[in-house]
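Quick notes on the structure that follows.
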Amino acid sequence: MKAGRAGLVAGGLVALLGFGVFWSATDGFTAFTAETARRAEILRSPRSLPAVALEDQDGRRFSLQDYRGRLLAVEFIYTRCTTICRSLGMAFRQVRERLPAQALGHEVALLSISFDAARDDPASLKAYGQAFGADGAHWRIARIHSPAEVAPLLAAFGVVVIPDGMGGFEHNAAIHLLGRDGKLTQISDIDQPVEFADRIASSL
Amino acid sequence: MNLHARISLGACYLFLATPVARSALEAAMSTHMLLQIPLLAAAGVLLARLLPVARQDALLTACGGALPLVVLALFASSYWMLPRALDAALGDPLTEAAKFISLPLLVGLPLALAWRQLTAIGRGFVWTNFISMLAVLGWLYIAAPVRVCNNYLVDEQGSTGWLMVKLALLLFAGWLGTLFVGGNVAPVAVPASSRDDARQANPA
Amino acid sequence: MANYTYEHTPDRGATAGVLAYLGTACAVLLLMMLVGLLMRLEQAQIIDLGANWFYELMTLHGAGMVGIAGIAGAAVMWHFLRQYVDLSPGIFLANLALFLVGVVMIIGSIVFGHFHAAWTFLYPMPSQSMGMWSQEAAALFMGGLLVIGVGFLLLHLDIARAIVARYGNFARALGWPQLFGHDDGNAPPPTVVASTMVTIVNIVGLVVGASILTMMLLNLYLPEFTIDAMLAKGMIYFFGHVFINATIYMAVIAVYEILPRYTQRPWKANKVFLASWSASTLMVMFIFPHHLLMDFAFPQWMLIMGHIIGYLNTVPILVVTGYGALMIVFRSGIRWDMASRLLFLSLFGWAAGAMPAFIDGTITVNYVMHNTLWVPGHFHTYLLLGMVAMVFGFIYYLGKPGQNAAEGWLDRAAFWGFSSGALGFTLSFLYAGKESVARRYAVHLPEWLPYDRVGSVFAALVVASSLLFVLRFFSRLGAAGRDYARAPLAQGAAA
Ligand code: HEM
Ligand SMILES: [Cu+2]
């Protein structure tokens, strides 16, 4: 390569700059995917969530804000899912079993939210909950009442749902934790429910 | 001068930016990464080639020669191979705009300018490096243990990875193939560095 | 048929770059031979280093020897190719500089990091040291190989550029117009044909090698990204095989250039010669990658085919070269001196080394012989007695004080010491292999020890003779750089 000294210096500078850009764009070479980036960002700055009307497996209306003052674990599912949502259900069950029984419902609750508002009626929500042992009180299964509010809520959480071409959906799966102030404070991998529960227990 | 060509190039670029073309090319990971992004970079190459030669040379010298430009193109193109950047481009109009501007101006254009000055070794080095990096990137997408893009199905990353590997093989074969055809026999048998006593390669 | 007449090409001295290559290669060669001797002594249970030391030494020996074989081969090729095409001395030196950087990295990783996963760094060994070496040591080793690979890639790109500039394209440089059309006798000289072949296969090999090294380096730090073990092995072997074979194809240029000068007969780049070199190029380029890269779950028949073709691959060039050498020397009145003797010996060594490889390549034998000393037996024959002998012949030619300079008895004794020592050393490997003695660090039953001990004695003889060759060369470095006639006229040739 014909590069004079100026070229070498400029090349070095560009490389340095490039590294800098990569460093900041990947949070110091740790977050290469949007999913890891989302988790890192929430940890840095917890996020407020919109007030969205939810409807649980018994047809009761409520909103996320009703849980203020308690910790709330949230996961996103759709009940026909045969893959990742099953793992989510299993993970939630483990979280519930791991949490101190006396705190359940008073200091901490669990909530599975379906993003398939059109097809997941209360009956199918109920069936999903029963399949994983949700009691319908401390662990509720809900759907977003108005289809128009699905997108804003998912966007606030950073959950992306795309059709999988076979009538179902593919979506980034994780367990979310809302703080006592109602803000999204932590996102955790679904294969680490025990660690997730222990972190909650230690902050009770 | 070549007004006609410039207008066509501009039209093609604008066409790529239309919602129709964007949603068509961005619907699948493979067309996004292996069609839209290369096309945008190619627009930059054409843009450079449409500049007057004196202008190209002036730009080249102003930038400090081929080396910084190649490094620039390397970093800028790698950036858009990050799964996180792909997701961001889909979700955030500003990032999408950055993609449409940076690929022609920071990848295609600098590469085309640098190419003018690169020796055969430099070009070969860029090619071989690019081919090997493409293959390795393909493997990364194939071997990724998690879903890397929230906006694309998990199966797609495998098939896109395979496409990259195949493309790398094809490019390698093609590049080697070009070394087998064309070219002229040098009129002088004795190379410059060789002293006059060297044997004539082709006995008369 | 075309007519071939000999045209006298004056002998030229080596450039400082070529001498630096050869000096580096010779020094490392001696050192690595001593390391090899230590390993052989360990196998003979004369010394007791333990398994860790043995594997560290073996990794050092393997990587070092393959590296300097490449360096020495490149020196031979560059020296002679420069007569025909315009090569860049800067790139040539850059390769040596990168090589030295890589060597320092590799030595550091072995000596200070205790890396010992063999020079073939088979996946997933480097990342699974079980605490014996650190991630950094493995990264340093593979990074060192990568740096060396980049240097060679640059060198070959420069050679490719120079060849294309002179001959237009590779097809003409390989003599395809003469091969497939009328042989007008204007095919490029053998040196150019060989250099073209080496450049093509090494570029392919190095790109594949760089890819797998990058993948394994990434895997070291991102273990979730696993590599298909078969794919990794295929890629590593492809790269290793091509590179080590290419060292011989480079070094053999010394035979093509020097023997004609000694006999005043031309080395013919005729149709058969061109066909064999092109066939080998294509075999390496198309058949190997095809069966490695397209089918990841290697079916049995592909493995077998690949194996046989891998070995068959060396045969055409070997036969053509051996036959060509015999024809050139036969009744030529050649004067035998150290250079011509060593070159002739090298052809014997190459041929002898290919034979056991061929036997090993046939499947039924492979099951029995595969992990025995038969394997190092075969590759030491063609590397030590073939490749290294070519390089020794070349340095004797360069350092020869004058056309009719006489040789001391010491040199002549060293020649016989080297040939008998190398023969004995490799035969001790081969014989032990036939007796199913396992290679590397393994239990050697008492009844096998005699072979190991005899092998050690022969190895010591090789080391001593090589020491003399190398010292002689170093004492003649000044002369080696000057232009004057070295090749003696054959008896009966007109002056
Ligand atoms: C005095 C000369 C030499 C001696 C005593 C020697 C000795 C040895 C020994 C004992 C081994 C281990 C074999 C086994 O049990 O598997 C070995 C391996 C090897 N040697 Fe040599 N060697 C010599 C020269 C060479 C030369 C000239 C080359 C190449 C140019 C070479 C390349 C290798 C390679 C590639 C290995 C394989 C290492 C591995 O398995 O990873 N050796 N050598
Ligand atoms: Cu699901």
Side-chain angles (χ1 to χ4, degrees), chain A residues 1-41 76 83-84 87 151 154-166 168-174 187 189-191, chain B residues 27-29 60-92 95 98 102 106 110 114-126 140-141 144-157:
Chain A
M1 233 172 277
K2 243 188 284 165
R5 184 164 308 178
L8 273 179
V9 172
L13 281 179
V14 174
L16 221 65
L17 194 74
F19 267 111
V21 170
F22 260 75
W23 175 272
S24 69
T26 57
D27 294 296
F29 296 117
T30 54
F32 294 95
T33 62
E35 183 61 14
T36 34
R38 167 175 86 113
R39 297 177 186 190
E41 152 136 37
F76 286 91
T83 54
I84 207 92
S87 317
L154 291 180
F157 271 90
V159 171
V160 179
V161 176
I162 52 171
D164 68 2
M166 292 173 293
F169 302 99
E170 231 172 70
H171 50 112
N172 47 332
I187 305 176
D189 240 2
I190 60 166
D191 57 5
Chain B
M29 185 192 257
L60 186 60
T61 356
C63 295
L67 183 69
L69 291 173
V70 169
V71 177
L72 175 66
L74 180 75
F75 275 101
S77 56
S78 313
Y79 180 82
W80 294 110
M81 296 289 116
L82 286 176
R84 185 176 167 178
L86 289 183
D87 264 342
L90 290 171
D92 172 22
T95 315
S102 67
L106 300 184
W115 212 250
R116 298 174 51 76
Q117 200 196 60
L118 280 179
T119 59
I121 307 169
R123 292 178 185 184
F125 196 69
V126 170
L140 279 174
Y141 271 81
V146 293
R147 184 158 161 251
V148 295
C149 276
N150 285 339
N151 284 290
Y152 292 117
L153 301 179
V154 66
D155 296 344
E156 270 188 80
Q157 56 198 58

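A note on names: the letters A, B, ... follow the listed sequences, proteins ahead of strands, and every chain is numbered from 1. None of these values were measured; they are calculated from a predicted model.
The CG atom of A:Asn172 sits 9.0 Å away from the CG atom of B:Asn151 when rounded to the nearest 0.5 Å.
Side-chain contact between A:Phe32 and B:Val148 is absent, with no heavy atoms from C-beta onward closer than 4.5 Å.
A donor-acceptor contact shorter than 3.5 Å links the side chain of B:Arg84 to the backbone of A:Ala25.
Every residue meeting the ring-ring contact (aromatic ring centres under 6.0 Å, His included) condition with A:Phe157, not counting sequence neighbours, appears here in chain and number order: A:Phe76, A:His176. For B:Ser77, the side chain to side chain contact (heavy atoms under 4.5 Å, CB included) partners two or more places apart in sequence, or in a different chain, are B:Val107.
Of all heavy-atom pairs between A:Glu170 and B:Arg147, the closest is OE1-NE, 3.2 Å. Between B:Asn150 and A:Glu35, the shortest heavy-atom distance links the atoms ND2-OE1, 3.5 Å. Residue A:Ala10 comes nearest to B:Pro68 through the heavy atom pair CB-CG, 3.5 Å, listed as atom of the first residue, atom of the second, then distance.
Neither the backbone nor the side chain of B:Cys149 comes within contact range of chain A; no heavy atoms are under 4.5 Å apart. Both the backbone and the side chain of A:Ala31 have a heavy atom closer than 4.5 Å to some heavy atom of chain B. Within the 4.5 angstrom heavy-atom criterion, no atom of A:Asp191 approaches chain B. With a 4.5 Å cut-off on non-hydrogen atoms, B:Val146 does not touch chain A at all.
For the options A:Thr26, A:Val159, A:Thr36, A:Val21, heavy-atom pairs under 4.5 Å to chain B are most numerous at A:Thr26. Each of A:Leu13, A:Asp164, A:Val9, A:Val14 has some count of heavy-atom pairs under 4.5 Å with chain B, and the biggest count is that of A:Val14. Comparing B:Asp155, B:Leu153, B:Val71 by heavy-atom pairs within less than 4.5 Å of chain A, the highest count is held by B:Leu153.
In A:Phe19, the CZ atom is not crowded: 12 or fewer heavy atoms of neighbouring residues, nucleotides or ligands sit closer than 6.0 Å.
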TODO: Take A:Phe22 and B:Leu82, measure what side chain to side chain contact (heavy atoms under 4.5 Å, CB included) needs, and give me the verdict at the end.
DONE: CA-CA 10 Å; A:Phe22 260 75; B:Leu82 286 176; 4.1 Å; yes
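Comment: B:Asp87 does not engage A:Arg38 in a salt bridge, judged by the lack of any side-chain N to carboxylate O separation of less than 4.0 angstrom.
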